Protein chains: 2
Amino acid sequence: MALKMRKSRVARPPMCALTQCMALLRGAWAPNVIWHLRDGARRFGELRVDIPLVSAKVLSARLRELEDRGLLERRLLATSPPSAEYSLTDLGRELIPAIDAVVKVGLKLRGMDAELPTLRPRWNAVHRTARRAG
Amino acid sequence: MALKMRKSRVARPPMCALTQCMALLRGAWAPNVIWHLRDGARRFGELRVDIPLVSAKVLSARLRELEDRGLLERRLLATSPPSAEYSLTDLGRELIPAIDAVVKVGLKLRGMDAELPTLRPRWNAVHRTARRAG
DNA sequence: CTGTATCCTCTTGGATACTG
DNA sequence: CAGTATCCAAGAGGATACAG
């Protein structure tokens, strides 16, 4: 064999931790939800305004998922029009630094040159439903 | 209205930067690929060993995607069994801190209590193909 | 060794309509 | 307001076979 194999350069803990932690942030919206809860509780409708392109169904699904994983808590409010508040748990707050790092990189990339090369899986072509008569 | 709306708490730049940057890391394997290239070039087969559960097709697709986005470079080697090396571009290297933060959080979560609650979309139940007669 | 092609499944996400 | 239900589309990913 012409090349000698350079193998097992990483002891594997980082890989698993990365995959597992990324699994917590799966999907297009989970990080955004956590991000918008970083300063305190928000209500369902508020999150829909914070994250304009997300549909009610997906936001609902993400919130439930993140709740199941113990990253956030749901609190029913006994108001006249019934409302709900979502807030991060301590576990959920642990993810803030990671998301923050991603945000920083994202900002830096646009700042430097960074085309962020036409990456709009389709989150640009939608825009119709989410912006409710705004 | 009983509650006053607390809206536009975020000026929106972070949200877009988050989404855009997360789009660069889409999928289960893109972050792992970048992570395993952080110390230098790796060949296709080496990456398959580094990231044991990834299939050839997906690894190929991710590599091409990341190449298209300018995050890594592919270099054909004129060896007797033809081989290829992948290495991060400067742009790709920009993402290291973000991934690093995710890894750190992942490690901390397992360290503290963190069940990382049975989150194995299916990356645990596979294991058959990727481990080639290991 | 380095991929690609096909086929198939599961997940994510959107649109719309509907309930409490 | 806060969701849920249904239907549908696109993407991610795996298995297998095959090509350069």
Side-chain angles (χ1 to χ4, degrees), chain A residues 1-5 7 19 22-23 25-33 42-49 51-67 74-86 119-132, chain B residues 1-5 7 19 22-23 25-33 42-49 51-67 74-86 119-132:
Chain A
M1 205 178 286
L3 303 178
K4 64 175 171 59
M5 275 289 271
K7 63 180 186 180
T19 305
M22 283 303 296
L25 302 174
R26 285 283 272 181
W29 302 120
N32 278 288
V33 170
R42 296 290 274 171
R43 293 195 288 114
F44 187 88
E46 292 176 321
L47 287 172
R48 290 211 67 193
V49 177
I51 314 171
L53 293 182
V54 73
S55 67
K57 176 206 156 196
V58 170
L59 179 56
S60 177
R62 277 322 123 243
L63 287 170
R64 192 156 300 278
E65 228 180 68
L66 294 172
E67 189 188 2
R74 181 170 173 271
R75 202 161 57 96
L76 244 327
L77 303 180
T79 51
S80 37
S83 55
E85 267 197 350
Y86 297 87
L119 46 80
R120 20 91 200 101
R122 71 186 170 221
W123 309 323
N124 260 357
V126 196
H127 259 289
R128 282 154 304 181
T129 323
R131 46 181 282 235
R132 67 223 70 44
Chain B
M1 203 178 286
L3 302 178
K4 63 175 170 62
M5 275 287 272
K7 62 181 187 179
T19 305
M22 283 304 294
L25 302 175
R26 287 282 272 180
W29 302 120
N32 278 288
V33 170
R42 297 290 274 171
R43 293 194 288 115
F44 188 86
E46 292 177 322
L47 287 172
R48 291 211 66 193
V49 177
I51 315 171
L53 294 182
V54 73
S55 67
K57 176 207 155 194
V58 171
L59 179 56
S60 177
R62 276 325 121 239
L63 286 169
R64 192 157 300 278
E65 228 179 69
L66 294 172
E67 189 188 2
R74 179 170 175 271
R75 202 160 58 96
L76 244 326
L77 303 181
T79 50
S80 38
S83 55
E85 268 198 350
Y86 297 87
L119 47 80
R120 22 89 201 104
R122 71 185 171 221
W123 309 324
N124 260 358
V126 196
H127 257 291
R128 282 154 304 180
T129 325
R131 47 183 281 238
R132 66 224 69 44

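Reminder, nothing fancy here: chain letters follow the sequence lines and each chain counts from 1. What's counted below: heavy atoms across the whole structure, side chains too, no hydrogens, waters or symmetry copies. What you see is a predicted model, and the numbers here were worked out from it, not measured in a lab.
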Results of side-chain hydrogen bond (donor to acceptor under 3.5 Å, both in side chains) for Arg74(B) - residues two or more places apart only = Tyr86(B)

Leu25(A) atom CG is separated from dT12(C) atom C1', nearest whole Å, by 15 Å

State, to the nearest 10°, the angle formed by the axis through the first five base pairs of the helix from dC1(C)-dG20(D) to dG20(C)-dC1(D) and the axis through its last five.
-> 40°

In whole angstroms, how far is the C1' atom of dG13(D) from the CZ atom of Arg48(B)?
-> 13 Å

For Arg26(B) and Gly27(A), work out which heavy atoms get closest and say how close.
-> NH1-C, 4.4 Å

Show the numbers, then the answer: is there a side-chain contact (heavy atoms from CB on, under 4.5 Å) between Val33(B) and Val54(B)?
-> CA-CA 10 Å; Val33(B) 170; Val54(B) 73; over 6 Å; no

Take the protein atom CE of Met22(A) and the nucleotide atom C1' of dA12(D), then report the distance between them rounded to whole Å.
-> 13 Å

Between Pro81(A) and Thr79(A), which heavy-atom pair has the shortest distance, and what is it?
-> O-OG1, 2.6 Å

Trp29(B) side-chain N/O to dG11(D) phosphate OP1/OP2 under 4.0 Å = no

Under the side chain to side chain contact (heavy atoms under 4.5 Å, CB included) test, residues paired with Ala56(B) that sit two or more places apart = Phe44(B), Arg48(B)

Rounded distance (Å) that lies between atom C1' of dG20(C) and atom CG of Leu77(A) = 16 Å

Inter- and intrachain pairs under salt bridge (charged side-chain N to carboxylate O under 4.0 Å, His left out), touching residues 51-62 of chain A, at least two apart | Arg62(A)-Glu65(A)

Full working for side-chain contact (heavy atoms from CB on, under 4.5 Å) between Leu25(B) and Leu25(A) = CA-CA 11 Å; Leu25(B) 302 175; Leu25(A) 302 174; over 6 Å; no

Under the salt bridge (charged side-chain N to carboxylate O under 4.0 Å, His left out) test, residues paired with Arg75(A) that sit two or more places apart = Glu85(A)

Atom CG of Leu59(A) to atom C1' of dG14(C): distance rounded to whole Å?
-> 13 Å

Side-chain atoms of Glu65(A) come closest, of dT12(C), dG13(D), dG13(C), to dT12(C)

Gap between atoms CZ and P, on Arg26(A) and dG11(D) respectively (whole Å) | 15 Å

Which heavy atom in Asn32(A) sits nearest to a heavy atom in Ala28(A), and how many Å separate them?
-> ND2-O, 3.3 Å

Where do N or O atoms of nucleotides 2-5 of chain D meet protein N or O atoms at under 3.5 Å, pair by pair?
residue	atom	partner	partner atom	Å
dA2(D)	OP1	Arg43(A)	NH1	2.9
dA2(D)	OP2	Gly45(A)	N	2.7
dG3(D)	OP1	Arg74(A)	NE	3.1
dG3(D)	OP1	Arg74(A)	NH2	2.8
dG3(D)	OP1	Tyr86(A)	OH	3.4
dG3(D)	OP2	Tyr86(A)	OH	2.6
dT4(D)	OP1	Arg64(A)	NH2	2.8
dT4(D)	OP2	Ser60(A)	OG	2.3

